[in-house]
S.K.: 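Structure in structure tokens, see below.
Counting convention: from 1, in listed order, for ligands and their atoms alike. Source: prediction; values computed, not measured.
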Amino acid sequence: MSHFQYQNGALHAERVSLSAIAAQFGSPTYVYSKAALLENFGAYADACQGRDALVCYAMKANSNLAILDLLARAGAGFDIVSGGELLRVIAAGGDPGKTIFSGVGKTVEEMRLALEKNILCFNVESIPELHRLNEVAGSMGRRAPVSLRVNPNVDAKTHPYIATGLKANKFGVAFDDALQTYRSAAALPHLDVVGIDCHIGSQLLDDAPLLEALDKLIELIDTLADEGIHLHHLDIGGGLGVNYGAEGDQPPVPVGDYLGRLFARIDAWRAGRHGGQPIKVIFEPGRSIVADTGVLLTRIEFLKPGVEKNFAIVDAAMNDLMRPTLYQAWMGVQPVVPREGDKLTYDVVGPVCESGDWLARERDLAVAPGDLLAIMTAGAYGMTMASNYNTRGRAAEVMVDGDRVQLIRQREHPADLFALESMLE
Ligand SMILES: *Cc1c(COP(=O)(O)O)cnc(C)c1O
């Protein structure tokens with residue numbers, strides 16, 4: 001059940017009305033539900049019960065410290081893509097020992113920081129990166145735990161910007177080159193080859209491509225074992241989709257169903273290998289943990305009727321929420337206090353000076369200036385992708401817990417935005 005429901009004529013987050021939140025904190029504001037967050041993480045945790053498995057939340061989806069803290073306390077590890085994200089994990093009380101480091105362009109400084117903090121594993125994406133990591137670890141008198149991100153060349157059938165497992169993508173080591181790359185890695189003196197990983201894309205509604213990728217990883221793990229390279233973990237990445245609510249959309253496969261099928265295959269494989277050692281399974285979910293835990297609350301400034309289109313101009317913009325313009329993503333729009341009357345078809349747009357500044361197109365709404373709207377399912381890749389374009393301070397973030405609401409990030413003010421700038425002397 002969604003934690004964003006209408007009660008007494010107003011949309012609520014858990015037991016707090018979004019109107020009250022707008023009155024207290026202003027708009028635009030990201031509003032999150034703690035119960036939704038813990039429920040989503042719980043779906044993974046329950047499916048992993050009693051198994052050697054680790055859920056490393058892909059924090060680029062939403063890296064607010066309050067969210068990281070709640071997930072860390074629930075037992076999550078983290079999937080990071082920068083040194084900055086590692087510092088966030090630590091600031092939030094997360095465990096670097098449960099943290100894996102993904103990404104194609106890790107710098108020397110980032111590698112050094114991650115080694116100092118004893119992260120669980122580096123997900124390495126290329127041969128030059130292997131050599132750099134080997135050198136950095138050697139210079140510190142250390143060995144770096146590594147996993148190779150293999151590109152299984154599986155078509156995830158998702159938007160081209162979020163498909164990552166095809167040959168044409170910048171990510172990972174090509175499947176056909178993986179064996180040779182593992183041999184190179186195993187020969188480097190300051191690396192410990194411990195795992196294998198992949199991440200084939202995002203917003204996958206079906207688990208068939210994920211299970212296909214699993215089969216290819218399994219095949220490779222067996223080949224490596226025959227060569228004397230024994231892996232201790234298998235990381236299948238993230239990518240499970242969510243329901244954004246567009247008409248005719250296919251619902252995503254439930255987390256428990258997907259993990260059930262995945263573990264069944266792994267169990268059958270391990271049982272089939274004579275004396276096969278158990279293998280730790282790692283997941284890197286982002287969107288499926290946070291997307292439906294948040295909405296972006298925004299107020300209508302003006303209604304502007306047009307010849308071809310009507311516009312509802314709101315106080316949130318593409319700088320607050322990039323997904324619509326970046327991925328042509330469809331996001332639900334709900335009036336916080338629905339009103340009677342005839343609906344008109346609107347494009348919901350922001351004040352930024354770009355025609356690409358839209359949040360939703362062709363929505364039938366009965367609205368008036370000053371009304372509040374909620375952009376639904378905005379908890380993932382919302383605030384983390386926000387910018388300061390047009391010298392707009394980023395939105396406030398609040399979290400609701402039952403009937404309580406707490407500010408978890410202050411709204412930015414213009415002076416914050418140019419504080420690091422200086423004029424020529
Ligand atoms: C973004 C990303 C994820 C999370 O993807 P979701 O689709 O949000 O689950 C996991 N692993 C890697 C390497 C990523 O880049």
Side-chain angles (χ1 to χ4, degrees), residues 37 40-41 43-44 47 54-63 67-68 71 76-82 84-86 88-89 98-106 110 114 119-126 129 146-152 154 156-166 169-173 195-207 209-210 213-214 217 233-244 252-255 258-259 262 281-294 322-323 326-327 329 377-385:
L37 180 73
N40 290 346
F41 181 76
Y44 278 91
L54 180 63
V55 180
C56 290
Y57 166 60
M59 60 185 280
K60 73 178 193 289
N62 190 323
S63 56
I67 286 176
L68 303 185
L71 292 174
F78 297 94
D79 175 34
I80 61 170
V81 291
S82 73
E85 287 193 343
L86 178 54
R88 277 187 180 272
V89 168
K98 288 185 180 175
T99 298
I100 53 178
F101 194 169
S102 301
V104 295
K106 302 175 191 78
E110 287 175 324
I119 66 162
L120 178 62
C121 190
F122 291 84
N123 288 352
V124 173
E125 306 219 10
S126 67
E129 187 191 336
V146 303
S147 160
L148 288 189
R149 176 167 177 180
V150 170
N151 188 338
V154 165
K157 299 192 177 60
T158 185
H159 189 280
Y161 283 16
I162 49 179
T164 53
L166 285 167
N169 295 128
K170 71 174 177 181
F171 299 102
V173 174
I196 188 166
D197 69 280
C198 72
H199 173 68
I200 60 171
S202 202
Q203 185 53 12
L204 311 184
L205 298 173
D206 182 4
D207 59 358
L210 291 159
L214 173 69
L217 295 195
H233 78 241
L234 180 170
D235 173 351
I236 193 68
L240 213 59
V242 300
N243 189 356
Y244 281 102
V253 58
V255 169
Y258 159 48
L259 266 62
L262 179 130
V281 181
I282 298 180
F283 300 94
E284 303 172 352
R287 189 189 310 272
S288 53
I289 302 272
V290 284
D292 69 1
T293 68
M322 285 269 281
R323 295 190 67 258
L326 184 60
Y327 307 126
T377 326
Y381 305 107
M383 186 62 174
T384 46
M385 288 180 124

S.K.: State which residues pass side chain to side chain donor-acceptor pair (under 3.5 Å) with T99; sequence neighbours excluded, sorted by chain then number.
M.R.: none

S.K.: Does S102 offer a backbone N or O that forms a donor-acceptor pair with the side chain of R149 under 3.5 Å?
M.R.: no

S.K.: Under the 3.5 angstrom rule, does the side chain of Q203 hit a backbone N or O of L240 as a donor-acceptor pair?
M.R.: no

S.K.: State which residues pass side chain to side chain donor-acceptor pair (under 3.5 Å) with T293; sequence neighbours excluded, sorted by chain then number.
M.R.: none

S.K.: Please name all residues satisfying side chain to side chain donor-acceptor pair (under 3.5 Å) with E85, sequence neighbours left out, ordered by chain then number.
M.R.: none

S.K.: Tabulation required: pairs of a nitrogen or oxygen in ligand 1 and a protein nitrogen or oxygen under 3.5 Å; columns are atom names and distance to 0.1 Å; otherwise 'none'.
M.R.:
| unit_1 | atom_1 | unit_2 | atom_2 | d |
| --- | --- | --- | --- | --- |
| ligand 1 | 7 (O) | S202 | OG | 2.3 |
| ligand 1 | 7 (O) | G239 | N | 3.4 |
| ligand 1 | 8 (O) | R287 | N | 2.7 |
| ligand 1 | 8 (O) | Y381 | OH | 2.6 |
| ligand 1 | 9 (O) | G239 | N | 2.8 |
| ligand 1 | 9 (O) | G286 | N | 2.9 |
| ligand 1 | 11 (N) | D79 | OD2 | 3.2 |
| ligand 1 | 11 (N) | E284 | OE1 | 2.6 |
| ligand 1 | 15 (O) | K60 | NZ | 2.8 |

S.K.: For the residue pair R88 and M59, what are the closest heavy atoms and their distance?
M.R.: CB-CE, 3.6 Å

